[in-house]
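In what follows, a single structure is set out as structure tokens and then discussed.
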Amino acid sequence: MKLVSIEDVKSPPRPPIEELLDEAAKLLRLGRVTETVLVDEEYNLCIEDYRRFHALKILGVRYIPISLGSNEDVDLTLEELGFDKDLEYNPLRVCRNHNELIKSCWPTPLVRLNSLSNSLRNVWAKLEYLNPFSNSIKDRIGWYMVVDAFENNPKLDTRLIYEASSTNTGIALACIGKSFNLKIRIYLPQTVQRCTDTYIRLLGSEVVRVPEQLTIQAIDRVRQDSIRDNALHINQFENDANFISHLRFTCKELDYQLRSINLRPTRIICALGTSGHASAISFYFKSRYEDKVEIIGVQPAKDEIIPGMRRVETGMKWIHYVKIDEVIDVTKREAIEGLAKVANMEGLPIGLSSGAVVAGLEKLYNIDGVSILIFPDHFYKYVEVLTNHHIS
Ligand code: PLP
């Protein structure tokens, strides 16, 4: 057995995520690797082991045990393979490029919401608005989808990206595209606040308004335009790099943050859009801690619009591979009230979908135990919506 850098092993491209989930779940459950992967003298991966190899890769281990000739038994923890190295940060936050900048913001803080907590209820929030570009959770996927497409695929023959977004992914891509010399076109639904056009244009990207919500038809139109123009439709709704970015970073951060204060979550509450972060969180925590952590998804009530969020029936990919224990409907008014409550009582400038997550928590019958709320962004983008609503 030899331990080598995972980058040194040559493998066929990553298969679709659904082929890797059983193996990744087993690795998370055991917390260790029990067998080497088989390679030849040139470190070409033996095809039988490609699932284990790619499962380890999407979990973000740095080293991998290999053997020649036949598989060998090993007993190495994920930490011994560098699983937690993704959490090593840059304490003085001196950054030479976008890559270092985004990583210097991770882990995003986990903060106790004291006004919502008492001796039975312990409520914590992960502040995704402290990401550097779109000030949202979408920086993670914008960055990872671009790295995955351009760094890992040198044959890609376009520098043009088309994407449908309700704001945050668009802004994230417009920023991150700069370090990859990309031209970005963002398709925004009519319902999105007008200031988003200004932000995206200031960042040097193009905006196209589409008449409908981000329906399957609207997303398909982006795909057709991209084929016509030889652009890459990066497609956060289908791109497995979305799910993987959360699995590898968001979930791992939250897990180690909670371990550092000896807490095991009773429930984690997430807003649903593409379902990327909710699905990865469900997969990670239910694999690592059996089915003991409840995962709650929050969606807009029928005919309600909450920016960034969608209803499950509008089509989500990864949610169908994982277990979401409960999906709660929240109106826009309830989301604004949740936002106003946290802003007023905690002094945290959270966004509308974060407010929806707070409303989701309050709709649960029993909220004893440890609740984790994922706050995707802040309220500055929604001033148009907020000023149109009287907040008492
Ligand atoms: N909240 C906001 C503000 C968002 O921008 C998004 C996604 O665009 C979400 C929630 C939903 O996140 P996800 O796409 O991971 O389901």
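Indexing begins at 1, ligand by ligand and atom by atom, following the structure's order. One-based numbering along the sequence shown.
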- [ ] Would you mind listing which atoms of ligand 1 come within a distance below 4.0 Å of any non-hydrogen atom of Tyr382?
- [x] 3 (C)

- [ ] Begin from the C-alpha positions of Lys183 and Glu206 and carry the test salt bridge (charged side-chain N to carboxylate O under 4.0 Å, His left out) through to its verdict.
- [x] CA-CA 8 Å; Lys183 282 179 82 71; Glu206 191 187 346; over 6 Å; no

Open item on the list: Ring of Phe83, cation from Lys252 - is the NZ or CZ under 6.0 Å from the centre and inside 45° of the axis?
Closed with: yes

TODO: Evaluate the side-chain hydrogen bond (donor to acceptor under 3.5 Å, both in side chains) criterion for residues Thr196 and Gln193: first the C-alpha distance (whole Å), next the side-chain angles of each, then the deciding distance (0.1 Å), finally the verdict.
DONE: CA-CA 6 Å; Thr196 299; Gln193 60 284 344; 3.0 Å; yes

Open item on the list: Can you tell me how the ring of His98 sits relative to the ring of Phe133, calling it parallel under 30°, perpendicular over 60° and tilted otherwise?
Closed with: perpendicular

Task: Distance filter under 4.0 Å to Ser353 heavy atoms, resulting ligand 1 atoms - done: 1 (N), 2 (C), 3 (C), 10 (C)

Task: From CA spacing to verdict: salt bridge (charged side-chain N to carboxylate O under 4.0 Å, His left out), Glu80, Arg62 - done: CA-CA 9 Å; Glu80 284 171 320; Arg62 300 286 166 92; over 6 Å; no

Task: Polar atom proximity, Ser275 to ligand 1 (N or O, under 3.5 Å) - done: yes

Task: Crowding at CD, Glu290 (>12 non-hydrogen neighbours, <6.0 Å) - done: no

- [ ] Counting heavy atoms only, name the option from Gly273, Pro376, Gly308, Gly351 that's nearest to atom 9 (C) of ligand 1.
- [x] Gly308

Task: Geometric N/O contact Asn242 with ligand 1, under 3.5 angstrom - done: no

TODO: Go through ligand 1 atom by atom and flag the ones less than 4.0 Å from a non-hydrogen atom of Asn168.
DONE: 3 (C), 4 (C), 5 (O)

Task: Test applied, side chain to side chain contact (heavy atoms under 4.5 Å, CB included); reference residue, Ile268; option that passes from Ile372, Ile296, Val357, Val370 - done: Ile372

- [ ] Report yes if Ser166 has an N/O atom closer than 3.5 Å to an N/O atom of ligand 1; otherwise report no.
- [x] no

- [ ] Return yes or no for this condition: an N or O of Thr169 is under 3.5 Å from an N or O of ligand 1.
- [x] no

Task: Residue and atom name of the nearest protein heavy atom (relative to atom 8 (O) of ligand 1), distance in Å to one decimal - done: Lys138 CE, 2.7 Å

TODO: Output yes when the distance from some N or O of ligand 1 to some N or O of Ile137 is under 3.5 Å, and no in every other case.
DONE: no

TODO: Look at atom 15 (O) of ligand 1 and find which of His277, His378, Met309 reaches it with the closest heavy atom.
DONE: His277

Task: Min N/O separation Thr274 to ligand 1 under 3.5 Å - done: yes

Open item on the list: Can you classify the ring geometry of Trp106 versus Phe249 as parallel (below 30°), tilted (30 to 60°) or perpendicular (above 60°)?
Closed with: tilted

- [ ] Classify the angle between the aromatic ring planes of Phe180 and Phe150 as parallel (below 30°), tilted (30 to 60°) or perpendicular (above 60°).
- [x] tilted

Open item on the list: Can you name the atoms of ligand 1, numbered from 1 with element, that are less than 4.0 Å from a heavy atom of Asp377?
Closed with: 3 (C)

